[in-house]
There are 2 protein chains.
Amino acid sequence: MNQYSTSKKAPKTSRGRQTREKLVQAAEIEFGERGFYEAAISGITQRAGVALGTFYVYFDSKEEIFRALVEYMGRLTRGWIAERVAESPNRLTAERRGLEAFIDFVRGHRNLYRIVSEAQFVAEDAYREYYGAFAAAYRDNLQQAGERGDIRDGNYDIWSWALIGMNVFVGMRYAAWEDSLSSAEIAASITDLIGSGMSRGEAS
Amino acid sequence: MNQYSTSKKAPKTSRGRQTREKLVQAAEIEFGERGFYEAAISGITQRAGVALGTFYVYFDSKEEIFRALVEYMGRLTRGWIAERVAESPNRLTAERRGLEAFIDFVRGHRNLYRIVSEAQFVAEDAYREYYGAFAAAYRDNLQQAGERGDIRDGNYDIWSWALIGMNVFVGMRYAAWEDSLSSAEIAASITDLIGSGMSRGEAS
DNA sequence: TTAGAAGTTGAATATTGATTCATGTTTCAC
DNA sequence: GTGAAACATGAATCAATATTCAACTTCTAA
């Protein structure tokens, strides 16, 4: 299983791989700006600088390139975050760095939200896999942190989804929609919340 | 400003209001099942039991009824939650009840997610208003709880979006996608997380 | 050098469904 | 009882674009 997953149309030469890559990157812009249905294949091929027919050399349909794009964005995002979270001294620091990285990523890929959330209709399985992959990785990290005694016990499955949701919504509001606050400020505020909770310490 | 907002086509009689209401409810199903673009006006009118042309008596376009639907769902959701959160003894209890109510709501309106998130492309302003209204209400609640000394200080704006994100994602995963866990269980796990945080209590 | 595999081209096809509109029906104030 | 406003109807229009395809070009192994 490679990055071309199930397609019968995988490129065989490096020239072909380049063209396919150009198409996927053009699709990021076209789908991001116009949404799946308003996006035109001709828009993608124009942006990629190839002829309309070339599209069908590499993809069977509009839906197929969209799926490929969602997977591509997922790999890109997870890779970017994993790199910047690596070797954090503890889970809370990893959370902070992860959110910072995510916000920075969104600021460089404004179309991420539109693309990913449209996958819900266009390719629901791709959508579930997208977040499922994040959740699985998150859960493992929490598990390990729990075993190290780094964090409290809890239902880490549920926690993972909750933490992803926080990241996604904070990213949407403060990175995709507006960027007056620095990623560090935002991440600090969130880390404070999930580190100590919102209750006052009186009961303990 | 009423629920028909800017439309020039507001119904004038109760017969008209009924027909319009039937159309919006049919739209919830049609848009929810097929998504905005695959949804057909004829599908909406058939479900509502009226003729195709009747649609244009009440709405100028497919987009307009979609906007109306998003607003309608927002009012419905907020109303439902507010009712079940009212008169909670403290903020954490309110959080728990709110999430429980939300999960139950989603289980009765499986199409909520598809509709709301598709609004991102179809009617971005309606989408922002949808979550903006939630966030504003949330922020006010946190503010009041903070003033009462019920919760710690923090950036309540950011916290609001984080908490909404948690609710949305947990609801998606455990209510829209799967419902093996009870809303009470889920809410308890989340309340635990946001109440006390994930750090162990050693430092304090 | 060359065959054929891989890649490229863009005009033509074919389907789909949103919106219009001319006509018919119901309601009700007077 | 009547006229007008409100409401309801569904066949016809029309624009948009995903996909196909037959011809052409580039590359590479032997």
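Each chain gets a letter, A, B and so on, in the order its sequence line appears, and its residues count up from 1. The figures here come from the full heavy-atom set of this structure, side chains too, leaving out hydrogens, waters and symmetry mates.
Atoms CD1 (B:Ile41) and P (D:dG10) sit 16 Å apart, rounded to a whole Å. If you take CZ of A:Arg34 and P of D:dA18, they are 9 Å apart, rounded to a whole angstrom. Distance B:Ile65 CD1 to C:dA18 P: 12 Å, rounded to the nearest Å. Atom pair B:Phe55:CZ and D:dC7:C1' shows a separation of 16 Å (rounding to whole Å applied). Here the P atom of nucleotide D:dC7 and the NZ atom of B:Lys22 are 13 Å apart, to the nearest Å. Taking atom NZ on B:Lys62 and atom C1' on C:dT19, their separation rounds to 12 Å, with Å as the unit. With rounding to whole Å, A:Tyr56 atom OH is found 18 Å from C:dG7 atom P. Straight-line distance from the CZ atom of A:Arg17 to the P atom of C:dG7: 9 Å, rounded to whole Å.
Nearest heavy atoms, B:Tyr58 versus B:Pro11: CE2-CB, 3.8 Å.
For A:Thr54, counting side-chain heavy atoms from C-beta on, the closest listed nucleotide (C:dG10, D:dA18, C:dT9) is C:dT9. Counting only heavy atoms from C-beta on, A:Arg15 has its side chain closest to C:dT8 among C:dT8, D:dT19, C:dT19. Picking from C:dT9, D:dT9, C:dG7 the nucleotide with the shortest atom distance to the side chain of B:Val50 gives D:dT9. You'll find that the side chain of A:Val57 is closest to C:dT8, out of C:dT8, D:dT9, D:dA6. Comparing D:dA18, C:dA6, C:dT19 against the side chain of A:Lys12 picks out C:dA6 as the nearest. Distance from the side chain of A:Ala51 is smallest to C:dG10 among C:dG10, D:dC27, D:dT9.
Using the six-membered ring where Trp is involved, B:Phe31 and B:Phe36 have ring planes that are parallel, under 30° apart on the 30 and 60° scheme.
In this structure, A:Thr13 reaches the C:dG7 phosphate: one of its side-chain N or O atoms is under 4.0 Å from OP1 or OP2. For D:dA8, the OP1/OP2 oxygens have a side-chain nitrogen or oxygen of B:Tyr58 closer than 4.0 Å. In this structure, A:Thr19 does not reach the C:dG7 phosphate: none of its side-chain N or O atoms is under 4.0 Å from OP1 or OP2.
Sequence order on DNA chain D of the closest nucleotides to A:Ser42 and A:Gly53 puts A:Ser42 first from the 5' end. Each of B:Leu52 and A:Gly49 was matched to the nucleotide of DNA chain C holding its nearest heavy atom; the match closer to the 5' end belongs to A:Gly49.
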Query - Worked verdict on A:Phe134 versus A:Tyr138 for ring pair (Phe, Tyr, Trp, His ring centres under 6.0 Å) - result: CA-CA 6 Å; A:Phe134 273 101; A:Tyr138 230 123; 8.3 Å; no

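For the atom pair B:Phe55 CZ and B:Asp60 CG, the distance stands at 9.0 Å (nearest 0.5 Å). Atom CD of B:Glu83 and atom CZ of B:Arg78 lie 14.0 Å apart (nearest 0.5 Å).
Across all strands, B:Ala39 comes closer than 4.0 Å only to sugar-phosphate atoms, never to a base (heavy-atom distances).
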